[in-house]
Asks: 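Provided herewith is a single structure, encoded as structure tokens, for subsequent inquiry.
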Amino acid sequence: MTLVLNVDGVRHAVTSADDTPLLWVLRGELDKNGPKYGCGAAQCGACTVLLDDAPVRSCVLPVSAATGAAIRTLDGLADADGALHAVQSAFVAEQAAQCGYCTSGMIMSAVALLAETPRPTDAQVRTALDGNLCRCGAHNRIVRAVLRAAEART
Amino acid sequence: MSLSVVSRRALLAGGGGLALGFALGGAARAVEPDRPLPGSLANNPELDAWMRIDADGAVTLLTGKVELGQGVLTALTQILADALDVAIEPIRVISGDTGQSPKEGPTAGSMSMPYAGAAVRQAGIETRALLLKLAASRAGAPLSALRTRDGAVLLPDGGRLPYGELLAGQALRRRATGLPQDVPPAESRHVGTATPRRDLPAKITGAPAFLHDDRPPGLVHARVLRPPSIGAQLVGFDPASVEVLAGVIMVVRDGSFLAVIAEKEHQAILAHEALRQAARWREISGGPNQDTIQAWLKARPSEEIRIVDRPTAASSVRIVEAAYSRPMLMHGAIGPSVAIGLFEAGRYVIHTHSQSVFETAAAIAQMLAVDPGSVRLIHRPGSGCYGHNGADDAAADAALLARALPGRPVRVQWSREDEHGCEPLGSAMHVELAAGVDARGDIVDWRCDLWSMAHSTRPGGQAGNLLPAPCLAQPFPAPPPRVIPAPNYGPDRNAIPLYDLPGQRVTTHFIRESPVRVSSLRSLGAFANVFAIESLMDELALGAGADPLAYRLRHLSHPRATELLLRTAEAFGWSAYRKAPGRGRGLAFARYKNLAAYCVVCLEVEVSTETGVVRVLRATAGVDSGAVVNPDGLRNQIEGGLIQALSWSLKEEVVFADGKVLSTSWGDYPILTFSEVPPIEVLVIDRPDTPLLGAGETAQGPTPAALANAVFDAIGVRMRHLPLKPQSVLEAIASAAG
Ligand code: FES
Ligand code: FES
């Protein structure tokens, strides 16, 4: 069985079984690094990718449900020429990580938020990221980074 | 990722480099006897152990310490760049590779800056001095007329002698002397500045920044089926139903150690589920649970260790007693543990996110019954770890499975359930304090009795401390846990207050057994001990009719502590504070281990007496960690430590019974989320000319006490048992009223 996925603007034929969670296909077949395994149960947000601009937990989404959608991962967020997305630059500017394991999920959730709400308040950022866990305690830096990115884009 | 097994350590030991000849002379050592070498240099005195300068000028820093998300490698390159006077960006770092790195102890206990930092600084300073002397003799110029800049010696005539050219690829082959160097000093350009983290660009672009992202050719995926509870025995298992599954390469069984290796990761996950269905276990039931653990601690036979006993002649007019406790807590890395092992040509190479590559390599060699030299561990970044978690156990899993499938790299990934269920927990503790006070309410006598299980069962070279080892057909029983003595201490870390206490007796009741696995969690016993001490200080201040800040100050004769308390309180707005109904403020202080960084935490909370919910409105933390290498890195550590400690204090408690951890998902073990994290201001006191003091754990102790003190200020109810969950707050309110 072959499925076709559109990931970061490139079409890929993948051979994983239909019910394989998208996360394992992205990491295992397409060698994506951004989406991370954290819980496999939609409880931590580490695996967050965008499906047609909406954040999804790729650890619980069967790959067959992702065909036909534009899938975006951290790996493909920067421009082809390497120019960082505003959210990525803001994460560097704010040094918004410690271990960085949650970072991909944070950035992807933030990109989705800013697409919907270009100028969020501090509280809106926190609400939008509440499902993304960070154990290192980088929360406030992450919020500042998202607000900074919003400012840079408008 | 290179899986080469060639050992640079062997090269170092075996020699082979050229000596730099007579140009350097041997004079420096003859004049003055060598000083004790600072930090990790004492055990690794060869300058070449710490850095390498290639003929093209490329500089490599070597360290046994590892990046855990705390920014240590950035800080060490800052130190080296200044000491050696080289550009910072191109410095390459080799960290935590038992085949190449200097042998340093675990990356733990807030000891990286005092140990590796001090070593790198001295090694860099001495190397630069040798380079200057070499240049002076080569150029025939007086030493005093030479300068250095960005990896080259600058000559008086405007010429440059790059370090790489001076050394021409030769090793230094010199031992450090520990002496100050009589050469023109380098300008400090990096230490003390907020240098951006080196590892961040890869982590924000999806480059392969983590061990989790490594995919060596031929990689296969494994999952281990953990026994369902401590001591469970595998009594029945038929591999047939698993072996037939798609992609399964082999099922591995060794005693009660059961695992599956498959071609693809998701195939391994499905096969793991099939293993679970096919395995039958005999379990041991009984033992305490999260509700009975405090009583259990006090009732178990324990070893009594009196860590301080100083009687006083002064007599007290009143004795104030109180008991405090903390539950079992989890490290809870966001990324479950992983390791990749390869067994080839009689040698093991294991990529791991262990904090203790050397000690874990030795433990693994013992488990495999092979020569220690044949096991090489190489650190790669993992998820933040906060203490002894599953990293070493996953490395042991990978070694066992690599042995079963020689020639192919085997990747073992733990599940979330494995990580929650099998990582060693931070021990529950029970602390009883009694303070005798004089007529003014000042403390004249202090008693502390604390009950705890172990806070360190790190591998430490012993196979039995690795999770799979006691399960093997030839089992390695877990060794009895060690007592960690002064000055670091374990359960009793920070049990001796820094205050002036005329009489003092502190007794540790150490319980060597444990119903579930326990080991080091960030700050060890300091979390509970400082919580207890700093809560009682507020209770005593209240009794003395004194302001909590003023009361502490009158018991302190440490000028740095006093200054930090005053400045942090001022930054928080302590004296100008206006109390609103339902709101309150709290403050707490400790110097981590009484020898590392000083930290003060001030919090403001709002408590709902209807729901029992404690909301932290804002926090101010002050830190004095001596000379600051990276102020932003330090702030990041303090913010992160404070948030994590708030999470422990407000929400966390591991549920367990019958030797089994029952909190096996984030649903069962919630942690602080964005909406619950308060704004945090960090005040840093930099003391450039003083020793580097580790700061990674210093916020853990003061935070819970500041929280409980603030809750008391808000609603007049004293919370002495962590965590401060809404239900406990409501019960405390009810019992205070009743
Ligand atoms: S891994 Fe998908 S939400 Fe945790
Ligand atoms: S930075 Fe480590 S989990 Fe968020």
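Chain naming here is simple, since letters A, B, ... match the order of the sequence lines and numbering starts at 1 in each. Atom set for the values below is all heavy atoms of this structure, side chains included, hydrogens, waters and symmetry mates excluded.
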Asks: Measuring heavy-atom distances to chain A, does B/Pro381 have an atom under 4.5 Å in its side chain, in its backbone, in both, or in neither?
Replies: neither

Asks: Looking only at heavy atoms and a cut-off of under 4.5 Å, which of B/Pro208, B/Cys385, B/Pro201, B/Ala202 has the most pairs with chain A?
Replies: B/Pro208

Asks: Can you name the nearest heavy-atom pair linking A/Gln43 to B/Ser665, along with the distance?
Replies: OE1-CB, 3.4 Å

Asks: Please report the shortest heavy-atom distance between A/Cys99 and B/Gly382, naming the atom on each side.
Replies: CB-O, 4.2 Å

Asks: Heavy atoms only: give me the nearest B/Trp666-A/Cys39 pair and the separation to one decimal.
Replies: CD1-CB, 4.1 Å

Asks: I would like to know whether B/Arg215 and A/Asn33 meet side chain to side chain contact (heavy atoms under 4.5 Å, CB included); could you show each step before the answer?
Replies: CA-CA 10 Å; B/Arg215 300 174 182 89; A/Asn33 299 310; 2.7 Å; yes

Asks: Decide yes or no on salt bridge (charged side-chain N to carboxylate O under 4.0 Å, His left out) for B/Asp632 and A/Arg141, but give the supporting numbers first.
Replies: CA-CA 11 Å; B/Asp632 189 60; A/Arg141 288 166 177 259; 3.1 Å; yes

Asks: Top residue by heavy-atom pair count (under 4.5 Å) with chain B, among A/Gly38, A/Gly76, A/Gly100?
Replies: A/Gly38

Asks: Would you tell me whether A/Asn140 and B/Glu639 have side-chain atoms, one donor and one acceptor, within less than 3.5 Å of each other?
Replies: no

Asks: Quick check: are there more than 12 heavy atoms from other residues, nucleotides or ligands sitting under 6.0 Å from CG of A/Asp130?
Replies: yes

Asks: Considering only heavy atoms, which portion of A/Thr20 lies under 4.5 Å from any heavy atom of chain B: side chain, backbone, both, or neither?
Replies: both

Asks: Between chain B and each of A/Val25, A/Asp31, A/Ile142, count heavy-atom pairs under 4.5 Å; write down the option with the most.
Replies: A/Asp31

Asks: With side chain to side chain contact (heavy atoms under 4.5 Å, CB included) as the criterion, how do B/Phe674 and A/Met106 come out once you've worked through the C-alpha distance, each side chain's angles and the decisive distance to 0.1 Å?
Replies: CA-CA 11 Å; B/Phe674 275 90; A/Met106 297 292 178; 3.5 Å; yes

Asks: With a 4.5 Å cut-off on side-chain heavy atoms, are B/Thr74 and A/Gln95 touching?
Replies: no

Asks: Could you tell me which of B/Gln267, B/Glu67, B/His331, B/Glu676 has the largest number of non-hydrogen atom pairs under 4.5 Å with chain A?
Replies: B/His331

Asks: Checking A/Asp75 side chain against B/Ala207 main chain: does a donor-acceptor pair fall under 3.5 Å?
Replies: no

Asks: For the atom pair CZ (A/Arg27) and NZ (B/Lys264), what is the distance rounded to the nearest 0.5 Å?
Replies: 15.0 Å

Asks: Which bit of B/Trp414 comes within less than 4.5 Å of chain A, counting heavy atoms only: side chain, backbone, both or neither?
Replies: backbone

Asks: Examine whether an atom of A/Leu23 lies under 4.5 Å from a heavy atom of chain B, and if so say whether it belongs to the side chain, the backbone or both; otherwise answer neither.
Replies: neither

Asks: If we define contacts as heavy-atom pairs under 4.5 Å, which of B/Ile643, B/Leu270, B/Val338 has the most with chain A?
Replies: B/Ile643

Asks: Pick one of side chain, backbone, both or neither for B/Ile269, based on which atoms fall under 4.5 Å of a heavy atom in chain A.
Replies: side chain

Asks: Among A/Asp122, A/Leu133, A/Val143, which residue has the highest count of heavy-atom pairs closer than 4.5 Å to chain B?
Replies: A/Leu133

Asks: To the closest 0.5 Å, what do you measure between CD1 (B/Ile204) and CG (A/Leu84)?
Replies: 4.5 Å

Asks: The test is side chain to side chain contact (heavy atoms under 4.5 Å, CB included); show your working for B/His266 and A/Ser16 and say whether it passes.
Replies: CA-CA 9 Å; B/His266 191 241; A/Ser16 295; over 6 Å; no

Asks: Using non-hydrogen atoms and a 4.5 Å limit, figure out which bit of B/Ser647 sits close to chain A: side chain, backbone, both or neither.
Replies: side chain

Asks: In terms of heavy-atom pairs under 4.5 Å with chain A, which of B/Ser383, B/Ser415, B/Ala209 leads?
Replies: B/Ser383

Asks: For chain B, which of A/Gly82, A/Pro21, A/Ala96, A/Gly28 has the most heavy-atom pairs under 4.5 Å?
Replies: A/Pro21

Asks: Please state whether the side chain, the backbone, both or neither of A/Ala78 comes within less than 4.5 Å of a heavy atom of chain B.
Replies: neither

Asks: Would you mind checking which part of B/Leu68 comes under 4.5 Å of any heavy atom in chain A, side chain (CB onward), backbone (N, CA, C, O), both or neither?
Replies: backbone

Asks: Check whether any side-chain heavy atom of A/Tyr37 lies under 4.5 Å from a side-chain heavy atom of B/His212, and answer yes or no.
Replies: no

Asks: Distance from A/Cys136 atom SG to B/Ile334 atom CD1, nearest 0.5 Å?
Replies: 8.0 Å

Asks: Pick whichever of B/Arg197, B/Gln70, B/Gln413, B/Glu419 has the most heavy-atom pairs under 4.5 Å with chain A.
Replies: B/Arg197

Asks: Any side-chain to backbone donor/acceptor pair from B/Gln644 onto A/Gly137? Under 3.5 Å, distance only.
Replies: no

Asks: Got a salt bridge between B/Glu652 and A/Arg135, using NZ or NE/NH1/NH2 to carboxylate O under 4.0 Å?
Replies: yes

Asks: Look at A/Leu74, A/Thr73, A/Thr103 and state which one has the largest set of heavy-atom pairs under 4.5 Å with chain B.
Replies: A/Leu74

Asks: First locate atom CG of A/Asn132, then atom OG1 of B/Thr673, and finally report the distance between them rounded to the nearest 0.5 Å.
Replies: 10.5 Å

Asks: Are any non-hydrogen side-chain atoms of A/Gln98 and B/Gln637 less than 4.5 angstrom apart?
Replies: yes

Asks: Between B/Phe210 and A/Lys36, is there a side-chain heavy-atom distance shorter than 4.5 Å?
Replies: yes

